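What follows is one structure encoded as structure tokens, with my remarks underneath.
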Amino acid sequence: ARNGTPSGLFANTFANGDGGDLKIDTDNLVVVDGAKIGSNLFGSGKMGNLTIKANSIELSGLTAEGTSGSIETTIGEGGTGIGGELTIETNSLTLGDGTQIGSNVFGSGTGGDIAITAKDINLIGLSPADGNPSGFFTIVNPGATGDSGNVNITTDNLTISEGAQIAVSTGGSGSAGNLIVTASDSVELVGNAIESGGGSSGLFSNAVFGSGNGGNIDLTTDKLTIQDGATISASNFLSGNADVPPGTGKAGNININAENIKLDGIDADTPASITASTFAGGGGNIILKSNTVTATNGSQVTAETSGEGAGGAIQVNTDNLTINSDAIFS
């Protein structure tokens with residue numbers, strides 16, 4: 001960084017014309033110490049696409065001021081155009097220290113989609129400076145009216161741990177995008193970072209602050225493991241933060257298709273969970289399709305309402321269902 005400006009590569013569009021594409025093709029890409037790669041739109045044109053191809057990609061480290069690095073596309077407050085696609089192809093993708101790959105909407109334009117194809121994806125922890133989680137995000141920020149893009153992940157193995165997250169969120173009147181995960185071998189969601197000021201590791205669809213609807217979470221894999229406080233959640237309120245007002249939009253649905261689903265918590269206070277919850281706008285549904293579903297040690301599968309909104313439904317299609325050690329479906 002120099003004079004507060006992060007090191008990195010940027011493609012910016014300020015007027016009504018379309019922006020150019022930014023393409024990176026390399027063997028190994030390392031984004032460290034708060035560096036950024038980005039494409040930004042502040043006008044009414046179409047943002048250029050951001051495409052990265054590499055054998056391995058790693059994001060880690062902070063600036064001296066405590067800012068984490070990122071790869072992201074952004075529609076600024078005055079932006080009314082269309083966001084570009086953020087596409088990543090790699091064998092190995094690792095994020096730590098609160099680094100993020102994301103698409104942000106601050107204006108009335110439509111956010112771009114994120115498409116990630118990788119053999120192995122490992123998302124770890126959060127920023128030691130501000131507690132922001134490592135992960136993938138599409139966000140409609142408070143006051144924004146545009147819709148956000150989708151997150152589409154294709155991988156062999158996805159591991160999310162120590163409070164890292166993947167989330168599609170809206171805090172404005174625009175709708176959140178959908179989160180689509182296809183993992184041929186496994187998805188492992190492990191632990192949380194609550195003691196460090198963070199949240200649970202997992203997959204999230206959030207619709208807080210505004211009136212926008214939450215996106216759906218669609219997960220397909222051979223083996224899904226959720227353990228030690230990790231979660232898959234679709235909600236229009238944040239139960240652990242009273243300072244964030246609930247949204248009035250509808251929460252998204254959770255659809256999981258896996259050969260084996262295992263939820264293994266620590267206890268009832270630190271459950272592994274799949275939750276669809278609402279305050280006012282109506283709750284999403286949970287649909288689980290699996291040969292074997294096991295929930296143990298305080299694990300929870302819940303569709304609930306904490307306000308005027310109607311709660312969603314839970315549907316479990318399985319050959320073998322095991323619920324024990326204080327686990328609940330509710």
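The figures here come from the full heavy-atom set of this structure, side chains too, leaving out hydrogens, waters and symmetry mates. Please read all numbers here as calculations on a predicted model, not as lab measurements.
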* Partners of Glu85 by side-chain contact (heavy atoms from CB on, under 4.5 Å), sequence neighbours excluded? -> Asn49, Thr87, Asp113
* At what distance, to the nearest 0.5 angstrom, does CG of Leu321 lie from CG of Leu288? -> 9.5 Å
* To do: Starting at CD of Glu259, measure out to CG of Asn257 and round the result to the nearest 0.5 Å.
  => 9.0 Å
* Structure fact -> What one should report as the nearest heavy-atom pair of Ala327 and Ala295 is CB-O, 3.4 Å
* Taking Thr74 for its side chain and Gly76 for its backbone only, find out whether a donor-acceptor pair lies under 3.5 Å. => no
* To do: Side-chain contact test, heavy atoms from C-beta onward, threshold under 4.5 Å: evaluate it for Leu29 versus Thr90 and give yes or no.
  => no
* Asked: In terms of hydrophobic clusters joined by side-chain contacts under 4.5 Å, are Leu179 and Ile139 together?
  -> no
* Structure fact -> The side chain to side chain donor-acceptor pair (under 3.5 Å) partners of Ser56 (sequence neighbours excluded) come to Asn28
* To do: Output every pair passing side-chain hydrogen bond (donor to acceptor under 3.5 Å, both in side chains) with a member in residues 176-202, not counting sequence neighbours, ordered by first then second residue.
  => Asp156-Ser184, Asn157-Ser186
* Would a 4.5 Å heavy-atom cut-off, applied to side chains only, mark Thr170 and Ser148 as touching? -> no
* To do: Provide the closest heavy-atom pair for Thr80 versus Ser108 in the form atom of the first, atom of the second, distance.
  => CG2-OG, 3.3 Å
* Asked: Nearest heavy-atom pair of Gln165 and Phe137: which atoms, and what distance?
  -> O-CZ, 3.7 Å
* To do: Report the residues that fulfil side-chain contact (heavy atoms from CB on, under 4.5 Å) with Asp319, sequence neighbours left out, ordered by chain and then residue number.
  => Asn291
* Short question: side chain of Ser290, backbone of Thr318 - any donor-acceptor pair under 3.5 Å? -> no
* Structure fact -> By side chain to side chain donor-acceptor pair (under 3.5 Å), Thr296 pairs with (sequence neighbours left out) Asn324
* Would you find a donor on one side and an acceptor on the other, under 3.5 Å apart, between the side chain of Asn206 and the backbone of Ser169? -> no
* Asked: side-chain contact (heavy atoms from CB on, under 4.5 Å) between Ile88 and Phe136: does it pass, once the steps are laid out?
  -> CA-CA 12 Å; Ile88 295 176; Phe136 310 147; over 6 Å; no
* Asked: From Thr99 OG1 over to Leu123 CG, what is the distance, rounded to the nearest 0.5 angstrom?
  -> 8.5 Å
* **Worked check of side-chain contact (heavy atoms from CB on, under 4.5 Å) between Ile37 and Val31** => CA-CA 8 Å; Ile37 298 173; Val31 182; 4.0 Å; yes
* Asked: Quick one: does Asn253's side chain have a donor or acceptor within less than 3.5 Å of a partner on Asn285's backbone?
  -> yes
* **Backbone N/O of Gly149 and side chain of Ser103: donor-acceptor pair under 3.5 Å** => no
* To do: Measure the spacing between CD of Glu58 and CG of Leu95 and express it to the nearest 0.5 Å.
  => 9.0 Å
* Joint hydrophobic cluster, Val190 plus Ile226, side-chain heavy atoms closer than 4.5 Å -> no
* To do: First locate atom CD1 of Ile75, then atom CG of Leu41, and finally report the distance between them rounded to the nearest 0.5 Å.
  => 5.5 Å
* Does the side chain of Ser235 pick up a donor-acceptor pair with the side chain of Ser277 at under 3.5 Å? -> yes
* To do: Measure across Gly48 and Ser39 and return the closest heavy-atom pair with its distance rounded to 0.1 Å.
  => O-OG, 3.7 Å
* To do: For the residue pair Val301 and Val316, establish whether any side-chain heavy-atom pair is separated by less than 4.5 Å.
  => no
* Asked: Under the 3.5 angstrom rule, does the side chain of Ser299 hit a backbone N or O of Gly265 as a donor-acceptor pair?
  -> yes
* To do: Name all residues meeting the side chain to side chain donor-acceptor pair (under 3.5 Å) criterion together with Asp222; count only those two or more places apart in sequence or in a different chain, and write none if there are none.
  => none
* **Path from Ile287 to Leu263 over hydrophobic side-chain contacts below 4.5 Å** => no
* Asked: Are any side-chain N or O atoms of Asn213 and backbone N or O atoms of Lys250, one a donor and one an acceptor, separated by less than 3.5 Å?
  -> yes
* Could you tell me whether the side chain of Ser211 and the main chain of Gly249 form a donor-acceptor pair under 3.5 Å? => no
* Please check if Ile180 and Ile153 belong to a single hydrophobic cluster, counting links between Ile, Leu, Val, Met, Phe, Trp and Tyr side chain heavy atoms closer than 4.5 Å. => no
* Asked: Does some side-chain heavy atom of Ile166 sit less than 4.5 Å from a side-chain heavy atom of Leu158?
  -> yes
Pair up each side-chain donor or acceptor in residues 266-274 with any protein partner under 3.5 Å, not counting sequence neighbours, and list the distances.
from, atom 1, to, atom 2, distance (Å)
Asp267, OD1, Asp269, N, 2.9
Asp267, OD1, Thr270, N, 2.9
Ser273, OG, Thr231, OG1, 2.8

* Asked: Going through the distances and angles, do Lys23 and Asp25 end up as a side-chain contact (heavy atoms from CB on, under 4.5 Å)?
  -> CA-CA 7 Å; Lys23 297 181 180 180; Asp25 194 339; over 6 Å; no
* Who pairs with Ser70 by side-chain contact (heavy atoms from CB on, under 4.5 Å), at least two apart in sequence or on another chain? -> Lys36, Glu72
* Structure fact -> Residues Gly214 and Ser205: closest non-hydrogen pair is C-OG, 3.8 Å
* **Side-chain heavy-atom pair Ile232, Ile286 within 4.5 angstrom cut-off** => no
* Structure fact -> For Phe106, the hydrophobic cluster (side chain heavy atoms closer than 4.5 Å, chained through members) also holds none
* Under a 4.5 Å side-chain heavy-atom rule over Ile, Leu, Val, Met, Phe, Trp and Tyr, are Leu62 and Val30 clustered together? -> no
* Asked: Got Ile57 and Leu59 here, is their nearest side-chain heavy-atom distance under 4.5 Å?
  -> yes
* To do: Without swapping roles, check the side chain of Thr67 against the backbone of Gly34 for a donor-acceptor pair under 3.5 Å.
  => no
* To do: Could you list the residues that satisfy side chain to side chain donor-acceptor pair (under 3.5 Å) with Thr275, not counting sequence neighbours?
  => Ser233
* Asked: Please, which pairs that meet side-chain hydrogen bond (donor to acceptor under 3.5 Å, both in side chains) have at least one residue in residues 127-141, sequence neighbours excluded?
  -> Ser127-Asp130, Asp130-Asn132
* **Test side-chain contact (heavy atoms from CB on, under 4.5 Å) applied to Ala144 - qualifying residues, sequence neighbours left out** => Val105, Val140
* Structure fact -> To the nearest 0.5 Å, atom CD1 of Ile314 lies from atom CD of Glu304 at 9.5 Å
